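If you're wondering where the values come from, they're calculated on a predicted model, not measured in any experiment. Throughout, a chain's letter reflects where its sequence line sits, starting with A, and its residues are numbered from 1. The figures here come from the full heavy-atom set of this structure, side chains too, leaving out hydrogens, waters and symmetry mates.
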Protein chains: 2
Amino acid sequence: MYDDSDKERLLLAVDCIVFGFDGEKLKILLIKRGFEPERGKWSLIGGFLRKSEVLQDAATRILSVYTGLDDIYMEQVGTFSDVDRDPEERTVSTAYYALINIAEHSQKLSHRYSAQWFSVEDAPPLIFDHDRMVRHALERLKIKAETEPIGFELLPDKFTMLRLQKLYEAIYNVSLDKRNFINKVRSLDILEKLDEKDKTSSRKGSFLYRFDAEKYHRAERSRSLLNL
Amino acid sequence: MYDDSDKERLLLAVDCIVFGFDGEKLKILLIKRGFEPERGKWSLIGGFLRKSEVLQDAATRILSVYTGLDDIYMEQVGTFSDVDRDPEERTVSTAYYALINIAEHSQKLSHRYSAQWFSVEDAPPLIFDHDRMVRHALERLKIKAETEPIGFELLPDKFTMLRLQKLYEAIYNVSLDKRNFINKVRSLDILEKLDEKDKTSSRKGSFLYRFDAEKYHRAERSRSLLNL
DNA sequence: ATTTGTAAGTGTATATTACACACTTATAAT
DNA sequence: ATTATAAGTGTGTAATATACACTTACAAAT
């Protein structure tokens, strides 16, 4: 019926776009490659899929190797297959993005594998098709953030309204009015206002909030999180 | 630095979810497998990626083999990697969806490869993880349809308002008010109203419309196509 | 004790968009 | 001329988005 003799086996890689947020800018984690090809250039963290594992597990494993982090939210972005994307051997790569909270985890990874945080906007050029992967991941993150509270992953447990606002401003690269922002967020009723205040940035201090997972799941999917 | 000796080569398949619209229901094209494994069961059309081609080309080639169609809109859905998804050999598969206009193309493919159209809702169970692929493809189609005029692909060149409405009703599985629907579509200003009428379904006849690609691209991204 | 500087916090009016809803019209067949 | 059928059309109301500026709480300095 059709000719199966042309089945060709090839390498399947996994590359991870690790997003973080430092309170001002959306960041990605890059490593300076310590091996050929392209030694010394910046790239995403990555590795190869093993026959015994699924892609999601490979992505989790690779993230853990490079950052020491487990239990991190990851989502598949897409699969990139340019014929000569890897000069060594025909390799197809599936990209995943991860969302992590820089403040809580940054110290662990600072010195391993020359990993470094870069603002999404002024990251250095990356090897292979990694720049394209990052662009795709960003698009997916934007779509995700419209309907789900990605702050769960990218912010510390307790955070101020301003920080949440700046997160959305960073992701969508816009500026928002704080009154409208807070009204919108309040209407979603997925945050718990704490009694605590964060006094690091003002004398008055600003109240801390926390995501209320239960409220969120009750209200889930009813309305999108932000209209921009 | 890290151990690359575990690079394992495997098969990469491509499976295609072919969506069509018959004026009433959203349909998918399935084939009855003429080969092992799972001979005689229903499945998506698929094949294997060759070393010399990119995934998009493989998807295009596979669609062409099974349907004779070229120049069809296709989009990557995702990559599925359950370890034992294919009992023969470790195989990872990337799914693509295609949008085609049944009326114009159906005759070509009717008898080849026992291909058959099924309503998305009452399709038979599929082999491997193909049901999951279809579900994912549907989700992606819904997201796509919110912001882009998929009618370009799924409808004939000229169509009635009712047909366009039924397309959205089929995709989102809702029913819409025709007055609100037409008002919304008109406000987008991406259709050209023709002088012709389609008289097949009523004595009065209903005017035909056509997508105006130029108007569409001018208005692109300004607002989403439908809020549901 | 008072003043001052800083960021936090708050509300309303207007514009836009979504939604609900029912009768009239054009035409072919009889 | 009558009738049956689907096409075509508009408005009022509710919900949501957007624009916009002053007051408050507090710590530090005097």
query = Between D:dC20, C:dT12, C:dT10, which nucleotide gets closest to the side-chain atoms of A:Asn180?
reply = D:dC20
request  = Scan nucleotides 22-30 of chain D nucleotide by nucleotide, 5' to 3', and note B when protein non-hydrogen atoms come under 4.0 Å of the base, S if they reach only the sugar-phosphate, - if neither.
outcome  = --BBBBS--
task = Test salt bridge (charged side-chain N to carboxylate O under 4.0 Å, His left out) on B:Glu121 and B:Lys25 and set out the steps.
result = CA-CA 9 Å; B:Glu121 292 129 24; B:Lys25 301 265 191 175; 3.4 Å; yes
ask   = Once you round it to whole Å, what is the distance between P of C:dG9 and CD of A:Gln165?
value = 12 Å
ask   = Which of parallel (below 30°), tilted (30 to 60°) and perpendicular (above 60°) describes B:His130 and B:Phe128?
value = perpendicular
ask   = Atom CD1 of A:Ile182 and atom P of D:dA19: how far apart are they, to the nearest Å?
value = 18 Å
request  = Scan side-chain atoms only and decide if A:Lys184 and A:Tyr168 contain a donor-acceptor pair under the 3.5 Å cut-off.
outcome  = no
query = Separation of A:Leu162 atom CG from C:dA7 atom P, in whole Å?
reply = 10 Å
message = So, does B:Arg179 get its side chain near the phosphate of C:dC19, meaning an N or O under 4.0 Å from OP1 or OP2?
response = no
inquiry  = Holding to salt bridge (Lys or Arg N to Asp or Glu O under 4.0 Å), I want the full list of residues that pass it with B:Arg85, two or more places apart in sequence or in another chain.
reply    = B:Asp15, B:Asp129
remark   = Atom CZ of B:Phe181 and atom P of D:dT9 are separated, to the nearest Å, by 15 Å
message = When you measure from the side-chain N and O atoms of A:Lys184 to the phosphate of D:dA17, is any distance below 4.0 Å, counting only OP1 and OP2?
response = yes
B:Ser206 side chain, from C-beta outward: closest of D:dA7, C:dG9, D:dC20 = D:dA7
task = Just say parallel, tilted or perpendicular for the rings of A:Phe211 and A:Phe159, cut-offs at 30° and 60°.
result = tilted
task = For B:Asn183 and C:dT16, give me the distance from atom CG to atom C1', rounded to whole Å.
result = 15 Å
message = Is the positively charged end of A:Lys197 above the ring of A:Phe207, judged by distance under 6.0 angstrom from the centroid and angle within 45° of the axis?
response = yes
inquiry  = Tell me whether the side-chain N or O atoms of A:Asp177 pair up with the base of D:dC20 as donor and acceptor below 3.5 Å, since no angle test is needed here.
reply    = yes
